[in-house]
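Structure first, then comments.
Note that the coordinates shown come from a computational prediction; the quantities given were computed from them, not determined experimentally. Index from 1, following the sequence.
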Amino acid sequence: MPCARTVGIMVQLIASRMSRNDWIRMGKLLEIMDQQHGIVLTEQQESLLFDDLHAIMEINQTMNLTRILSEEDGMVLHLEDSVLGLPYVQAAPEGLYGDLGTGGGFPGIPLCILTGRETLLVDSVKKKVRALEPVAETLGIGDALSTYGGRIEDLALERRGMFSVLTARALSSLGSLLELASPLLREGGRLVCYKAQPSDEELDTAFGIMKPLGFKLVCDDAHELSDGSHRRIFVFEKVGDARIELPRRIGMAQRNPLTAADFKAKSKPKARKNRRRA
């Protein structure tokens, strides 16, 4: 596992190898976020976001953190995409933020940089999240950011109702995410889901179980990234307790996802027997 000093040196080496044209691109993310998405960043924030991207790409040479290999693609598909969630995370109640299935730390690290929230990066692959810890130290957010290498269901047993906001990007179906997030969120907490093109079936399933799982839909916003690809961000708010005991066994949310029929079966009233009058 690379130490903080090692990652710091990596970032410095990458920066020193950057050509003049690379540095000219600095400012492009500021422009895209402001003009296309109405999100204003500072030059310092943009610099930190690129430092994060470069550090992850360097680690990716020896550990599979991301399939995105170029800086151009990384700027769009990691940085721009991650920062899209900023207004939604800012709108959530103050408190602990968790990024579920964080992978290479997107959107978790960028949103930690931009919000200053106490942040927990969650991934089932322990070596991935451990590799992100020195990156956070190098970026100056080590005090705000920590990691959890384990299953989301286990985290729910350890930190039930402790999160004010959760993000999930390209992790699982909306229905599965609602189930996994429900025991983690406090009342009023929010789940921010990044999706590409969810099918009608996925949406119908999620909307059919959100109320029994204690959620309401706050917004469903469509976005277009600067490369022309499309994103939808769904935000759900925790408004009550789930009608079933959660979490279920590890993997059940994906292998045997809940449907509206599961809750109808549980809430079906018993038939009354007709009594004959004497």
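Taking hydrophobic clusters as Ile, Leu, Val, Met, Phe, Trp and Tyr residues chained together by side-chain heavy-atom distances below 4.5 Å, Leu180 does not share a cluster with Val125. Taking hydrophobic clusters as Ile, Leu, Val, Met, Phe, Trp and Tyr residues chained together by side-chain heavy-atom distances below 4.5 Å, Leu145 shares a cluster with Val192. Under the 4.5 Å side-chain heavy-atom criterion for Ile, Leu, Val, Met, Phe, Trp and Tyr, Ile209 and Leu166 are members of the same hydrophobic cluster. Criterion: ILVMFWY side-chain heavy atoms under 4.5 Å apart, direct or through other members. Under it, Leu184 and Met252 are not part of a common hydrophobic cluster. Note on Leu100: it clusters hydrophobically with Leu213, by side-chain heavy-atom contacts below 4.5 Å among ILVMFWY residues.
Under the 4.5 Å side-chain criterion, counting only non-hydrogen atoms from C-beta, Arg117 is not in contact with Leu96. Here the side chains of Leu132 and Ile59 are not in contact, with every heavy-atom distance at 4.5 Å or above. Side-chain contact between Val235 and Leu191 is absent, with no heavy-atom pair separated by less than 4.5 Å. Between Glu71 and His54 the shortest side-chain heavy-atom distance falls below 4.5 Å. Met57 is not listed as a side-chain neighbour of His78, based on a closest heavy-atom distance of 4.5 Å or more. Annotation: side chain of Pro87 is in contact with side chain of Ile39 (closest heavy-atom distance under 4.5 Å). When side chains are defined from C-beta on, His230 counts as touching Gln197, because their heavy atoms get closer than 4.5 Å.
Separating the OG atom in Ser82 from the CG atom in Leu114 is a distance of 9.5 Å, to the nearest 0.5 Å. Taking CG of Leu177 as the start and OG of Ser173 as the end, the distance is 6.0 Å to the nearest 0.5 Å. Here the CG-CG distance, from Asp34 to Leu30, works out to 8.5 Å after rounding to the nearest 0.5 Å. With rounding to the nearest 0.5 Å, the separation of CG in Leu48 from CZ in Phe50 is 12.0 Å. To the nearest 0.5 Å, atom CG of residue Leu258 and atom CZ of residue Phe263 are 5.0 Å apart. A distance of 9.0 Å separates CG in Leu65 from NZ in Lys127, rounded to the nearest 0.5 Å.
A pairwise comparison of heavy atoms in Gly208 and Pro212 identifies O-CD, 4.0 Å as the closest pair. Taking both residues in full, the closest heavy atoms of Leu203 and Leu174 are given as CD2-CD1, 3.6 Å, listed atom of the first, atom of the second, then distance. Residues Leu178 and Ala206 come closest through the heavy atom pair CD1-O, 3.7 Å. Here the shortest heavy-atom pairing between Thr66 and Ile68 reads OG1-N, 3.0 Å. The shortest non-hydrogen separation linking Ser182 to Ala242 is OG-CB, 3.9 Å. Here the closest non-hydrogen pair linking Glu224 and Gln36 is O-NE2, 2.6 Å.
Under the 3.5 Å distance criterion, the side-chain polar atoms of Ser229 are left unmatched by any main-chain donor or acceptor of Leu225. With hydrogens and angles ignored, the 3.5 Å screen pairs no side-chain donor or acceptor of Asp99 with any backbone N or O of Leu121. The main-chain N or O of Arg232 is never found under 3.5 Å from a side-chain atom of Tyr194 such that the two would form a donor-acceptor pair. Gln35 places no side-chain N or O within 3.5 Å of a backbone atom of Ile32 that could act as its donor or acceptor partner.
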Q: Check step by step if side chain to side chain contact (heavy atoms under 4.5 Å, CB included) holds for Asp221 and Phe234.
A: CA-CA 7 Å; Asp221 290 343; Phe234 297 86; over 6 Å; no
Q: Evaluate the criterion side chain to side chain contact (heavy atoms under 4.5 Å, CB included) for residue pair Thr119 and Leu111; output intermediate values, then yes/no.
A: CA-CA 9 Å; Thr119 297; Leu111 292 177; over 6 Å; no
Q: Quick one: do Thr102 and Val122 satisfy side chain to side chain contact (heavy atoms under 4.5 Å, CB included)? Show the steps, please.
A: CA-CA 6 Å; Thr102 194; Val122 182; 5.9 Å; no
Q: Using the side chain to side chain contact (heavy atoms under 4.5 Å, CB included) rule, take Ile141 and Ile109 through it: C-alpha gap first, then chi angles, then the decisive distance, then the call.
A: CA-CA 9 Å; Ile141 57 172; Ile109 293 178; 4.0 Å; yes
Q: Test Tyr97 against Thr167 for side-chain hydrogen bond (donor to acceptor under 3.5 Å, both in side chains), laying out the working first.
A: CA-CA 8 Å; Tyr97 158 50; Thr167 55; 2.8 Å; yes
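No side-chain donor from either of Gln254 and Ser176 sits under 3.5 Å from a side-chain acceptor of the other.
With sequence neighbours excluded, the residues that form a side chain to side chain donor-acceptor pair (under 3.5 Å) with Arg231 are Asp81.
Between Glu80 and the options Lys28, His37, His223, Met75, a side-chain contact (heavy atoms from CB on, under 4.5 Å) holds for only His37.
Among pairs with a residue in residues 177-195, those fulfilling salt bridge (Lys or Arg N to Asp or Glu O under 4.0 Å) read Glu179-Arg248, Arg190-Glu237, Lys195-Glu202, at least two apart in sequence or across chains.
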Donor-acceptor pairs under 3.5 Å, side chain of residues 155-162 to any protein atom, not counting sequence neighbours: which ones?
from, atom 1, to, atom 2, distance (Å)
Glu158, OE2, Tyr148, OH, 3.0
Arg160, NH1, Leu246, O, 3.2
Arg160, NH2, Leu246, O, 2.7

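Remark: Asp73 CG is packed, more than 12 non-hydrogen atoms of other residues, nucleotides or ligands lying under 6.0 Å away.
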